[in-house]
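Contents: one structure, followed by commentary.
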Amino acid sequence: MSSRKLNKVKLTKRVVESALPHPGLRVVLWDTEVTGFCVRVYPTGKKTYFLQYRNKNKETHKVKIGVHGSITTELARQKAIELSLNIGAGEDPSIKIKAVPANTGQSMQELADKYFSLHAQPKKAPQSYKEDIGKMNAVLKRYGHLRVDAITTLDLQKLHSDLHKTPVHANRIMALLSKMFNLAIQWGWRPDNPVKGVTKYKEQKRHRWLDDEESQRLFSTLDAYHNQSVANAIRLLILTGARKNELLSATWDQFDLEKGVWTKKAHLTKQRKMEHVPVSSVALEILKKMKERTDSSFLFPGKAPGKYLKDPKKAWHTIRKKADIPDVHIHDLRHTYASHLVSSGLSLSIVGKLLGHTQASTTQRYAHLADAPLREATELLGNKMKTLSNTAK
């Protein structure tokens with residue numbers, strides 16, 4: 001069957017899904033960003049991703065990455081980049097693939113493809129999905145060509161040990177693998193979960209939050225900062241306790257500025273659950289002024305049309321330095337919101353609902369800050385007993 005090559009385009013989900021088959025010809029769409037990355041559109045409508053490359057012997061090969069539907073365009077691109085890097089290092093992926101015949105069982109690469117297409121993409125928040133891709137790359141570089149049922153606990157203990165300098169990251173990779181192997185068990189790809197024998201590193205929960213004096217310095221710095229859009233993002237992170245990506249990607253249709261309610265859509269929240277969160281009058285005042293000065297659908301529009309403001313790392317580095325809070329991370333602003341509420345006497349249950357926690361144990365980390373109302377209660381009893389004691393004399 002002959003092929004018909006079209007002009008190069010950036011391969012996206014929309015481009016691939018809108019590509020129409022041609023009777024009797026294989027249509028090939030070449031990506032403009034990753035050299036050799038393409039998708040074949042067969043007359044039947046089947047669409048398959050490939051990477052064309054030249055090995056060290058100057059021989060041209062095409063290696064199959066996956067079928068659209070079983071693998072996403074984004075994941076296919078990530079795999080193409082990974083293959084290109086390996087080829088640059090002298091490897092020949094066509095040889096590696098031949099080393100694992102299809103009848104010997106599913107490979108770790110196949111498990112990763114199924115995990116992302118059947119679980120991560122439809123069920124996880126976009127940011128969590130992207131983070132999973134990053135974690136999985138470290139695994140596939142080492143074990144992508146091996147069979148799922150050939151991976152041992154010792155293999156994973158070695159991987160975990162090699163990542164000892166980043167213990168939290170190492171633990172998260174094991175958690176991801178554990179979920180994947182549980183799915184493999186359900187699909188009949190292996191009988192057990194090798195992650196269960198790996199002992200995780202101990203983690204120290206970070207609990208940094210701004211006290212009154214630090215908060216005052218931060219707000220003074222924000223008032224003087226040249227980019228008030230970024231300054232408003234920081235203010236609202238403190239005033240709402242929202243996660244960074246929830247706020248930066250938020251659109252105006254999520255807000256009822258008259259009733260003071262922020263409706264977070266399920267597919268955008270970490271818990272994949274719709275949340276209706278009340279917004280304080282102070283936050284509403286900021287939001288209303290922002291709304292008057294923009295015609296974008298996003299609260300914080302980015303530089304490119306139709307995009308929102310990405311992680312303001314450089315801006316935050318400058319702001320925290322000027323406010324003399326160099327060790328404070330952006331996520332600590334969420335801790336600040338929760339910590340001040342709990343220390344002011346609000347129950348952990350109420351604070352948990354405001355934060356969007358689905359499990360009480362998640363909010364329990366702030367329990368030690370509820371000391372003030374407990375101290376008042378015990379002082380009340382102490383003073384009463386003292387009065388009764390004096391009366392008895």
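Everything quoted here is computed from the prediction, not taken from an experiment.
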Check: [Y] and [X] side chains under 4.5 Å, non-hydrogen atoms:
{"X": "I319", "Y": "L218", "result": "yes"}
{"X": "Y42", "Y": "R40", "result": "yes"}
{"X": "Y115", "Y": "D113", "result": "no"}
{"X": "P278", "Y": "L354", "result": "yes"}
{"X": "T240", "Y": "V277", "result": "no"}
{"X": "I87", "Y": "L51", "result": "yes"}
{"X": "R77", "Y": "K10", "result": "yes"}

key: Under 3.5 Å side-chain donor-acceptor pair for N232 and Q228   = no
message = Looking at K322, I'd like to know if its NZ atom is crowded, meaning that more than 12 non-hydrogen atoms belonging to other residues, nucleotides or ligands lie closer than 6.0 Å.
response = no
request  = Please say whether more than 12 non-hydrogen atoms of neighbouring residues, nucleotides or ligands are located less than 6.0 Å from NZ in K130.
outcome  = no
Which residues pass the side-chain hydrogen bond (donor to acceptor under 3.5 Å, both in side chains) test with [X], not counting sequence neighbours?
{"X": "K244", "result": "D311"}
{"X": "T72", "result": "Y129"}
{"X": "H317", "result": "none"}
{"X": "T152", "result": "D155"}

note = By side-chain contact (heavy atoms from CB on, under 4.5 Å), A233 pairs with (sequence neighbours left out) L248, F300
inquiry  = Holding to side-chain contact (heavy atoms from CB on, under 4.5 Å), I want the full list of residues that pass it with E110, two or more places apart in sequence or in another chain.
reply    = Q106, S107
Show which side-chain atoms of residues 11-18 pair as donor or acceptor with protein atoms under 3.5 Å away, not counting sequence neighbours.
unit_1: T12; atom_1: OG1; unit_2: V15; atom_2: N; d: 3.2
unit_1: E17; atom_1: OE2; unit_2: H68; atom_2: NE2; d: 3.4
unit_1: S18; atom_1: OG; unit_2: R14; atom_2: O; d: 2.8
unit_1: S18; atom_1: OG; unit_2: V15; atom_2: O; d: 3.1

query = Would D31 and V34 count as a side-chain contact (heavy atoms from CB on, under 4.5 Å) if you check the C-alpha gap in whole Å, the side-chain angles of each, and the deciding distance to 0.1 Å?
reply = CA-CA 6 Å; D31 186 60; V34 180; 3.8 Å; yes
request  = Please name all residues satisfying salt bridge (charged side-chain N to carboxylate O under 4.0 Å, His left out) with D192, sequence neighbours left out, ordered by chain then number.
outcome  = R190
remark   = Taken in chain and number order and not counting sequence neighbours, the residues that satisfy salt bridge (charged side-chain N to carboxylate O under 4.0 Å, His left out) with K46 are none
inquiry  = Test your reading of the model: is there a side-chain donor-acceptor pair from N55 to the backbone of E59, 3.5 Å cut-off?
reply    = yes
Are [X] and [Y] linked, directly or through other ILVMFWY residues, by side chains that come within less than 4.5 angstrom of each other?
{"X": "I350", "Y": "L341", "value": "yes"}
{"X": "I65", "Y": "L85", "value": "yes"}
{"X": "I133", "Y": "Y143", "value": "yes"}
{"X": "V261", "Y": "F255", "value": "no"}
{"X": "L154", "Y": "V198", "value": "no"}

ask   = What residue pairs, at least two apart or across chains, pass salt bridge (Lys or Arg N to Asp or Glu O under 4.0 Å) with a residue in residues 221-239?
value = D223-R235
Note: E214-R208 ion pair, threshold 4.0 Å (strictly below) = yes
remark   = Exactly one of Y49, Y53, F50 clears side-chain contact (heavy atoms from CB on, under 4.5 Å) with V63, and that residue is Y53
Less than 3.5 Å apart, which donor and acceptor atoms pair up between the side chains of residues 281-291 and the rest of the protein, not counting sequence neighbours?
none

query = If you draw the axis of the six-membered ring of W316, does the NZ or CZ of K314 fall within 45° of it and under 6.0 Å from the ring centre?
reply = no
request  = Might you work through the side-chain contact (heavy atoms from CB on, under 4.5 Å) test for F37 and Q52, ending with a clear yes or no?
outcome  = CA-CA 6 Å; F37 180 43; Q52 180 171 293; over 6 Å; no
Worked verdict on W209 versus H340 for ring-ring contact (aromatic ring centres under 6.0 Å, His included) = CA-CA 9 Å; W209 56 290; H340 280 281; 5.0 Å; yes
Would you mind writing out the side-chain donor-acceptor pairs for residues 161-183 within the sub-3.5 Å range, not counting sequence neighbours?
unit_1: D162; atom_1: OD2; unit_2: R142; atom_2: NH1; d: 3.0
unit_1: D162; atom_1: OD2; unit_2: R142; atom_2: NH2; d: 2.8
unit_1: H164; atom_1: ND1; unit_2: S161; atom_2: O; d: 2.9
unit_1: T166; atom_1: OG1; unit_2: L163; atom_2: O; d: 3.3
unit_1: N171; atom_1: OD1; unit_2: H160; atom_2: NE2; d: 2.9
unit_1: N171; atom_1: OD1; unit_2: Y201; atom_2: N; d: 3.0
unit_1: N171; atom_1: ND2; unit_2: Y201; atom_2: O; d: 2.9
unit_1: N171; atom_1: ND2; unit_2: E203; atom_2: OE2; d: 2.8
unit_1: R172; atom_1: NH1; unit_2: E203; atom_2: OE2; d: 2.8
unit_1: R172; atom_1: NH2; unit_2: E203; atom_2: OE1; d: 3.0
unit_1: S178; atom_1: OG; unit_2: N193; atom_2: ND2; d: 3.2
unit_1: N182; atom_1: OD1; unit_2: N193; atom_2: ND2; d: 3.0
unit_1: N182; atom_1: ND2; unit_2: S178; atom_2: O; d: 3.3

key: Residue pair V27, L20: steps toward the side-chain contact (heavy atoms from CB on, under 4.5 Å) verdict   = CA-CA 8 Å; V27 178; L20 299 176; over 6 Å; no
